[in-house]
Amino acid sequence: MTSSIRGENLLSLNDLDRDAIVEVLDTAEAFVEVNRRTIKKVPALKGRVVASLFFEESTRTRLSFETAAKRLSADVLSLAVASSSMKKGESLRDTIATVDALGIDAVVMRHQSSGAALQVSRYVPHVRVINAGDGLHQHPTQGLLDAFTVRQVLAERRGAAGVETGSELFEGLRVLIVGDIRHSRVARSDIAAYVALGAEVRVAAPGTLLPEFLADWPVGVVDDFDEALEWADVVALLRLQRERGSGSFVPSLGEFTTSFGLTVERARRLRTDALIMHPGPMNRGVEIDSLVADSAAAVITRQVQNGVPIRMAVLYLCVAGSHGGGSQ
Ligand code: CP
């Protein structure tokens, strides 16, 4: 367990205690203000080089990491994997060594294999490695931005004066995570963040989409999804991960939607102040009805917006923290 990511890699939220998570959320709060300015740029990482290596598809995470790095004044090396020499058979190790030879301070990487970010951190121990999603293992910055979004909305509602009180908003908070828990790195990171901050987490899914060894997870399992909707303060829907074979774990998409989709009718069971979340990309009409996704209770666009300040905070703490330099 670490109590700060300053100067460290960020591979998994399971490695972070409450203080480390709160430090990221508080740092992101300062960067929200930077993102509201006309000139959305600070010199915190001027002269540093961040490599953006996405070996698996991404829209939100890649764009917001690259935006975050540029707003911190870092230079960004973005590898277009599909047209890179990996297509000629170059290995991950040689690709990383090549990028490192250009002179980098950090790697932000997404990969289809669980553990790939840890592996890369061993190849280049002098470079800070930030996991942007590895297989079904972890998606740490998604967990952080989801917790940040919940804290932001609750603080606004309760008129909390400042970030000092923000993390206490999680005490007793009831979070329901629904869908393909088995294949979801977002679920793993969200659970780590919410539990560390003091929330109670329950999961709802068909038995086939629950992970093995669930008894080791710090969550409750819901028997009755409809009842759980009435219990929850926050409902987070997950996408069926068809690229990881989720389709073969349910009889049909229609049956999944009937049993576990957040339809308009089901959404009526939610408390009036409940938050609806989805990390994206959404399968509208499968895990979430389009009208529900676009309703006032949904904070899905805010989750995307918060990706930039959270990733600025992570880059700042991991990269500037390693040299004791940089200023916001
Ligand atoms: N939530 C998320 O990771 O989205 P992308 O795959 O578009 O990055």
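Because the structure is a prediction, the values reported are computed rather than measured. Every heavy atom of this structure was used, including side-chain atoms; hydrogens, water molecules and symmetry mates were not. All ligand and atom numbering here is 1-based and tracks the order in the structure.
Among E57, R110, R62, E56, the residue whose heavy atom lies nearest to atom 6 (O) of ligand 1 is R110.
Taking a cut-off of under 4.0 Å to the non-hydrogen atoms of T59, the atoms of ligand 1 that pass are 5 (P), 7 (O), 8 (O). Close approach to T61 involves these atoms of ligand 1, each under 4.0 Å from a residue heavy atom: 2 (C), 3 (O), 4 (O), 5 (P), 8 (O).
Of the N or O atoms in P281, none lie within a sub-3.5 Å distance of an N or O in ligand 1.
A donor-acceptor pair shorter than 3.5 Å can be found between the side chains of S52 and E66. In the model, H111 has no side-chain atom that pairs as donor or acceptor with a side-chain atom of N131 under 3.5 Å.
Partner of H278 under the side chain to side chain donor-acceptor pair (under 3.5 Å) criterion, chosen from E287, Q303, R239: E287.
For G280, the heavy-atom gap to ligand 1 drops under 4.0 angstrom.
Among all non-hydrogen protein atoms, the one lying nearest atom 4 (O) of ligand 1 is R60 NE, 3.0 Å.
Taking the six-membered ring for Trp and thresholds of 30 and 60 degrees, F31 and Y316 have ring planes more than 60 degrees apart, a perpendicular arrangement.
In terms of heavy-atom proximity, E8 sits nearest to R128 at O-CD, 3.3 Å.
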